[in-house]
Amino acid sequence: MEDYRQMWSELGLDLEAHDGLLAVLPGIYEDTILSQEGRPEGMSYFDFVFSEIHGLRIKELYDHRKAGGKVVGTFCTYVPEELIIAAGGIYVGLCAGACVADEEAEKYLPRNLCALIKSSLGFKLARVCPYIESCDLLVGETTCDGKKKYFEILNELQPIHVMELPQRKEDSDRRLWREEVGSFVSRLEELTGNKIIEEAVRGAVRIVNDKRRALLRLAELRKSDPPVISGRDALLINQIAFYDDPERLTGKVNELCDELDERKASGTGIAGAVRPRILLSGCPMAIPNWKVPAIIETSGAVVAMDEMCTGIRYSRHLVEDAGDMDGMLDAIADRYLKIDCAVFTPNQERLEHIKELVNDYNIDAVVHHSLQFCDPYTIEAFRIEKEIDVPFLSIETDYSQEDVGQLSTRIEALIEMISSPDRA
Ligand code: BJ8
């Protein structure tokens, strides 16, 4: 990692604080990911990418910028990455999954705000995230209130373009969102100096569709019983999909899926528990937040699917190749408005999707993950519990390790209950 110090320094990182962060990450990774036995060989690529999380990928962004290219960072799956690629830029997801400089963040934000937002500001204030420091433009969105107000604060530290996301899906909302997509095109053209042309959009749509198809292929393979990949490994791949080079990642996910096809054909499952099968649903889990899946998978169950933005909610819908430039932008706007985040009202699509996943993935129980103080997901959890036919556990947590004991007890009780032979 020493080779990168000059680059980190040029990016303005606080090298001492950054050293502290890098000192703890390998241990967490070892304990949570590498400690699993019998992992597919194809996971070695993702292990490598993680080991270089602040190294090689940042160097790629750095070289791209030195050559005159731009890097655009986002905080939400509603921001159309196709347009960033079509403008010649590199897209990176910036959501943060660890407690960093909470006390500093709480000088600007209330204590009772979700960990994802506080962590994001903490990383920025502590100057320990080379991704955000590599960005020429940040893109926010009007999803939940916490994010909206956070972006006002962030804008004082780094330029941010905020897309206005409607909260309903009526015709007027669709028109508003389509206009927002058009304004985003103009903002990207201004940033990069490149005119976004039809062929570039078509090429970018192909790149991102291919990435999503590969992730969907992986998702499909998770229907296997016994499972051919753990929930933790699948989550890691989905997390890496937000910052790795999209074409390279697509190739590596497909290579891994070839191996998983063979595992499936030979009946080779993962080394850990193969049942009960859990659907993990709710708020996204940004790197290195593997707390809940790790508890589930070390308590005698497997996470068979994730209904989260760091899971199938990200890859579920593709953009149609729809004619001319206007048609392509319409198709992009339509695709993104299909996302069923809990900030929408009503949000029946999410409930229906969860029911479908329970059925298709032969799910024994749903664990609903809300980050503490996240109203949209915490509130939707009540309705989901009422309307699904399998046992349901709603947890509210954050990025600290303080509740691991209590969460383990509740998850173990759930697993024991659904594994009981008395359960008809
Ligand atoms: S599309 S899930 S990435 S908004 S957890 S910050 S909602 S208070 S992350 Fe999300 Fe986009 Fe929706 Fe996905 Fe607010 Fe809740 Fe925090 Fe959240």
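In listed order, ligands and their atoms are each counted from 1. The first residue of the sequence shown is numbered 1, and numbering continues consecutively from there.
Heavy-atom neighbours of E320 CD from other residues, nucleotides or ligands within 6.0 Å: at or below the threshold of 12. Within 6.0 Å of the NZ atom in K355, the count of heavy atoms belonging to other residues, nucleotides or ligands exceeds 12. More than 12 heavy atoms of other residues, nucleotides or ligands lie within 6.0 Å of CD in E10, so this atom counts as buried by the packing criterion.
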Might you work through the side-chain contact (heavy atoms from CB on, under 4.5 Å) test for L256 and I237, ending with a clear yes or no?
CA-CA 10 Å; L256 172 75; I237 294 166; 3.4 Å; yes
R313 and T77: side-chain contact (heavy atoms from CB on, under 4.5 Å), yes or no, with the steps?
CA-CA 9 Å; R313 202 182 303 131; T77 53; 5.6 Å; no
Report the C-alpha distance between I395 and H368 in whole Å, list the side-chain angles of each, state the deciding distance to 0.1 Å, and finish with yes or no for side-chain contact (heavy atoms from CB on, under 4.5 Å).
CA-CA 6 Å; I395 57 175; H368 192 279; over 6 Å; no
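If you look at F151 and F75, their ring centroids are closer than 6.0 Å. In summary, the aromatic rings of Y243 and Y91 are positioned with their centroids too far apart to meet the 6.0 Å limit.
Looking at A342 against ligand 1, nothing comes within 4.0 Å, counting heavy atoms.
Atoms of ligand 1 lying under 4.0 Å from any heavy atom of C341, numbered from 1 in the order shown and given with element: 1 (S), 2 (S), 4 (S), 12 (Fe). Which parts of ligand 1 touch P284 is read off a 4.0 Å heavy-atom cut-off, strictly below it: atoms 2 (S), 9 (S). Taking every non-hydrogen atom of T143 and a distance limit under 4.0 Å, the qualifying atoms of ligand 1 come out as 4 (S). In summary, the atoms of ligand 1 found under 4.0 Å from a heavy atom of C76, numbered by their order in the structure, are 1 (S), 3 (S), 4 (S), 11 (Fe). Set against the non-hydrogen atoms of Y78, the atoms of ligand 1 under 4.0 Å away are 1 (S).
Residue contacts with ligand 1 include R313, since one of its heavy atoms falls under 4.0 Å from the ligand.
Ring planes of W177 and Y78: perpendicular class, angle over 60° (limits at 30 and 60°).
Only protein N, O or S atoms were considered, and those under 2.8 Å from atom 16 (Fe) of ligand 1 are C114 SG.
Inclusion of C309 in the first shell of atom 13 (Fe) of ligand 1 is supported: an N, O or S atom falls under 2.8 Å.
Applying the salt bridge (charged side-chain N to carboxylate O under 4.0 Å, His left out) test to residues at least two apart or on different chains, the pairs with a partner in residues 85-104 are E104-K107.
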